[in-house]
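What follows is one structure encoded as structure tokens, with my remarks underneath.
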Amino acid sequence: MYSNNIEQICGLCVHSKSITGIKTHMQCDKYGAVPVKHTCKRFKYDIFKKPIHKKKQVSGNYSPDDFSIDD
């Protein structure tokens, strides 16, 4: 979550805002309309713009015996 290898793109920056109806560009405070993958030296990470990946559902019916390590 707080990793040092954050991809520095406008889509995750505090200075950018999404443009209504357009998913490929962001509105930057300094540069105007820029692609989501654009980057510059003013980048400041906004944790609330990070995409959330939902957990996958486990499919199958398991019993307690399936998780036992006894022979």
**Q.** Nearest atoms (heavy-atom pairs only) where D66 meets N61
**A.** OD2-O, 4.3 Å
Q) Which distance, rounded to the nearest 0.5 Å, do you find between the NE2 of H38 and the OH of Y31? A) 6.5 Å
**Q.** Interatomic spacing from CD1 in I47 to CD1 in I6 - rounded to 0.5 Å
**A.** 8.0 Å
Q. So, the side chain of K17 versus the backbone of M26: is there a donor-acceptor pair under 3.5 Å, distance only?
A. no
Q: Enter the distance from Q27:CD to S18:OG here, rounded to the nearest 0.5 Å.
A: 10.5 Å
(Q) Rounded to the nearest 0.5 Å, what separates atom NE2 in H15 from atom NZ in K30? (A) 10.0 Å
Q) Is there a donor-acceptor pair closer than 3.5 Å between any side-chain N or O of S16 and the backbone N or O of C10? A) yes
Q | I9 with F48, same ILVMFWY side-chain cluster at under 4.5 Å | A | yes
Q: Please tell me if the side chains of C13 and T39 come closer than 4.5 Å, counting only heavy atoms from C-beta onward.
A: no
Q: Mind running side-chain contact (heavy atoms from CB on, under 4.5 Å) on L12 and Y45 for me, showing each step along the way?
A: CA-CA 6 Å; L12 300 175; Y45 182 59; 4.3 Å; yes
